[in-house]
Amino acid sequence: MTEWTTTGKPMSRIAQRFWGGIGQRILDSGALDGTAYKPGQTADEGARLGEYDRRHAYYLNDNLYGRLHAAGLAAADMPAEWNPIPAVVGFYASTALPADLPIQATNDAADGEALAAAVERLRRWSNWQTLRRDLVVTAAVLQDVFLKVAERAPSPEVGPLGVYMQDIPPQNVRWWDADERGFLTGIRIDTPRLESVFTGEAYRHTLVEVWRKAWPDGFPGGVRYYELKPGVMLDNLPLEGAVRVQTFDELGYDFIPIVWARVDTHWRRQVAQIDRYNEIAWVLARLNRAIALAGAGGVDKDGRPLPAPLGVADGLQAVYSDTADGVLGVVNLPGASTMAWSGPPIDFAAMGLRLSEIREGVIDGLPEYRVATLRGIQIASETLQLLLNQAETRALEMRAELARALVRAHMMAFTIAQVAGVAPDVFGESVIGTFDDGRTEHEFVERPVFPKSAAAKAAEALQHTQNGVGIEAAYRLAGFTEEEATLAMRGDDVTGIEQ
């Protein structure tokens, strides 16, 4: 399907994900317009979309302050001398959700292998490698994550052939309600489209998808779909006008198949200091210009002092010549004229120290940035371990929130697959159990953010054995997996190492 843009420019994959909200509006307008009023938009929604826009501008890092200034969020259009946010987001993208994060059943009656196979099939249908990165980037940048479970069917006449998870751009969510557990009780999603998902008709419209556990008009809970042409408002979500209405009884399950998670984005609390750093750097760059004082140093034929030879700025240009591509300038002065460089009116050393203090303060608050930008420098092992521990804590915080959302989405997908009869040999009730009997409950296996190298684990295992620990236990304590430990002990048998 062809993606529509207001400028005719092709959209990247990231821009497509943010279509209707952040990415494409930034690319089209060159500024932020999340706070611009839209028909039916509440003040809370406008503030939320404006915050999303601002956050994404820091991550995009393309003419940052030009965009913020155009949106009235920065004092001036200035260059961004330093912006740690892309590196911070990159750190989370590479650490929060590993590609091979395994699961384990939490119910003793569950078949762990069958459950793992079901999760693996769901991941494959969901394009897991792309999905996991999109989830982490969305969480690290925008704070809110919406994960939806959907059915894949070639046409409305053909039943579902698969189930998959998809990351819903938060800026497409007009509103949502959640109970005290964070479970959604209502949500509205607006998605710009060029082709109807129900009729296949090609026209520009917005697909409005509204889920409610219970409708205010007394209608049974479920989902309603609307297709709105440009400029059409939809505030009260009437039953009439919906292109499709499905109750939970008709769907075969009683939950909204969307999970909401919110993570703590620590970098957002450092933005004021980042802005201040760039403001000072911009002022210093403008003040850091050479100033020369020229004197006549002579008199005319009547004995009167000669005026300064350079005169006004135009005169300076007349006697200034560039050499070496502008690196060196030569000023030609007549007669006995003299020129001396003016002393700096600004204490640049003090201002530079202040910049360093601001920068270090920001980095101290972002251990993940310090770790993400480590270079080949000498650093004490204790200090390095402290930094890694701090950064690992941040990554594990995000992993925990996203893992909870993913586990709930997994169990929703299992139920939907069972209702629709999708791949019964993988998702069947007799194979993995059901939500009601508790056999589909599971969790992610704990994995370190910074795994030890093979050499480090071997050295640790050796130290444990020297301290009197059995070889098998030593391998476990050193962090070897069960498979790795088994292979290692087989090697020990060959080499004659005592078990």
Side-chain angles (χ1 to χ4, degrees), residues 1-6 16-21 24 38-42 45 49 125 146-177 184-260 409 412-413 415-417 419-422:
M1 184 184 71
T2 303
E3 296 287 353
W4 177 84
T5 71
T6 60
Q16 292 174 6
R17 289 194 61 253
F18 285 95
W19 159 243
Q24 191 56 47
K38 303 179 184 65
Q41 178 176 288
T42 65
E45 182 186 3
L49 292 180
W125 284 348
F146 295 89
L147 185 61
K148 180 183 177 183
V149 177
E151 301 173 358
R152 179 170 283 113
S155 68
E157 293 75 23
V158 180
L161 300 180
V163 291
Y164 64 99
M165 300 177 293
Q166 61 179 150
D167 177 26
I168 301 298
Q171 65 278 6
N172 284 3
V173 178
R174 296 295 302 268
W175 54 259
W176 72 90
D177 293 322
L184 293 177
T185 58
I187 188 172
R188 170 176 169 171
I189 304 170
D190 287 16
T191 307
R193 292 190 59 85
L194 287 178
E195 182 179 320
S196 172
V197 297
F198 302 107
T199 65
E201 181 183 357
Y203 71 103
R204 183 184 170 196
H205 66 282
T206 299
L207 174 64
V208 178
E209 177 182 357
V210 187
W211 292 83
R212 280 194 182 276
K213 291 288 288 184
W215 291 94
D217 56 13
F219 197 78
V223 60
R224 297 177 184 177
Y225 296 94
Y226 305 83
E227 292 182 336
L228 303 183
K229 294 183 178 180
V232 177
M233 293 177 55
L234 182 66
D235 290 334
N236 56 359
L237 307 174
L239 182 60
E240 60 276 6
V243 296
R244 175 170 294 184
V245 177
Q246 291 177 290
T247 66
F248 286 124
D249 287 340
E250 295 169 338
L251 291 168
Y253 50 84
D254 61 354
F255 53 83
I256 296 175
I258 304 170
V259 182
W260 167 53
M412 289 179 177
T415 299
I416 292 175
V419 170
V422 173

Exercise. Apply side-chain contact (heavy atoms from CB on, under 4.5 Å) to Arg224 and Val208, showing your working.
Key: CA-CA 8 Å; Arg224 297 177 184 177; Val208 178; over 6 Å; no
Exercise. Step by step, work out the side-chain contact (heavy atoms from CB on, under 4.5 Å) result for Trp175 and Val210.
Key: CA-CA 10 Å; Trp175 54 259; Val210 187; 4.1 Å; yes
Quiz item: What's the spacing between Leu147 CG and Asp167 CG if we round to 0.5 Å?
Solution: 7.0 Å
Exercise. Please identify each residue that fulfils side chain to side chain contact (heavy atoms under 4.5 Å, CB included) with Asp254, with sequence neighbours left out.
Key: none
Exercise. Hey, could you give me the CH2/CD1 distance between Trp260 and Ile168, rounded to the nearest 0.5 Å?
Key: 16.0 Å
Quiz item: By ring-ring contact (aromatic ring centres under 6.0 Å, His included), which residues pair with Phe255, not counting sequence neighbours?
Solution: Tyr253
Quiz item: Got a sec, which residues hit ring-ring contact (aromatic ring centres under 6.0 Å, His included) with Tyr225, two or more places apart in sequence or on another chain?
Solution: Phe198
Practice problem: Please report the shortest heavy-atom distance between Ala409 and Met165, naming the atom on each side. | Solution: CB-SD, 3.9 Å
Quiz item: If you round to the nearest 0.5 Å, how far is OG1 of Thr191 from CG of Leu207?
Solution: 5.5 Å
Quiz item: Sequence neighbours excluded, which residues qualify as salt bridge (charged side-chain N to carboxylate O under 4.0 Å, His left out) partners of Glu209?
Solution: Lys148
Quiz item: Between His205, Glu201, Glu227, which is the residue that forms a side chain to side chain donor-acceptor pair (under 3.5 Å) with Ser196?
Solution: Glu227
Quiz item: Quick one: CZ on Arg174 to CD1 on Ile189, what's the gap to the nearest 0.5 Å?
Solution: 12.5 Å
Self-check item: For Ile416 against Pro257, the heavy-atom pair lying closest together
Solution: CD1-CB, 4.0 Å
Quiz item: Side chains of Val173 and Ile187: closer than 4.5 Å at any heavy-atom pair?
Solution: yes
Quiz item: Among all residues two or more places apart in sequence or in another chain, which pass the side-chain hydrogen bond (donor to acceptor under 3.5 Å, both in side chains) test with Glu151?
Solution: none
Quiz prompt | Minimum heavy-atom distance Ile258-Leu184, with the two atoms named | solution = O-CD1, 3.4 Å
Practice problem: For the residue pair Trp176 and Phe146, categorise the inter-ring angle as parallel (less than 30°), tilted (30 to 60°) or perpendicular (more than 60°). | Solution: perpendicular
Practice problem: State the OG1-CG distance between Thr415 and Leu251, to the nearest 0.5 angstrom. | Solution: 12.5 Å
Practice problem: Return the set of residues passing ring-ring contact (aromatic ring centres under 6.0 Å, His included) with Trp211 (not counting sequence neighbours), or none when no residue passes. | Solution: none
Exercise. Taking all non-hydrogen atoms of both residues into account, name the closest pair between Val422 and Gly162 and its distance.
Key: CG1-CA, 3.7 Å
Exercise. Sequence neighbours left out, what passes side chain to side chain contact (heavy atoms under 4.5 Å, CB included) with Thr247? Give chain and number order.
Key: Phe219, Pro220, Asp249, Glu250
Self-check item: side-chain hydrogen bond (donor to acceptor under 3.5 Å, both in side chains) partners of Trp125, counting only residues at least two apart
Solution: none
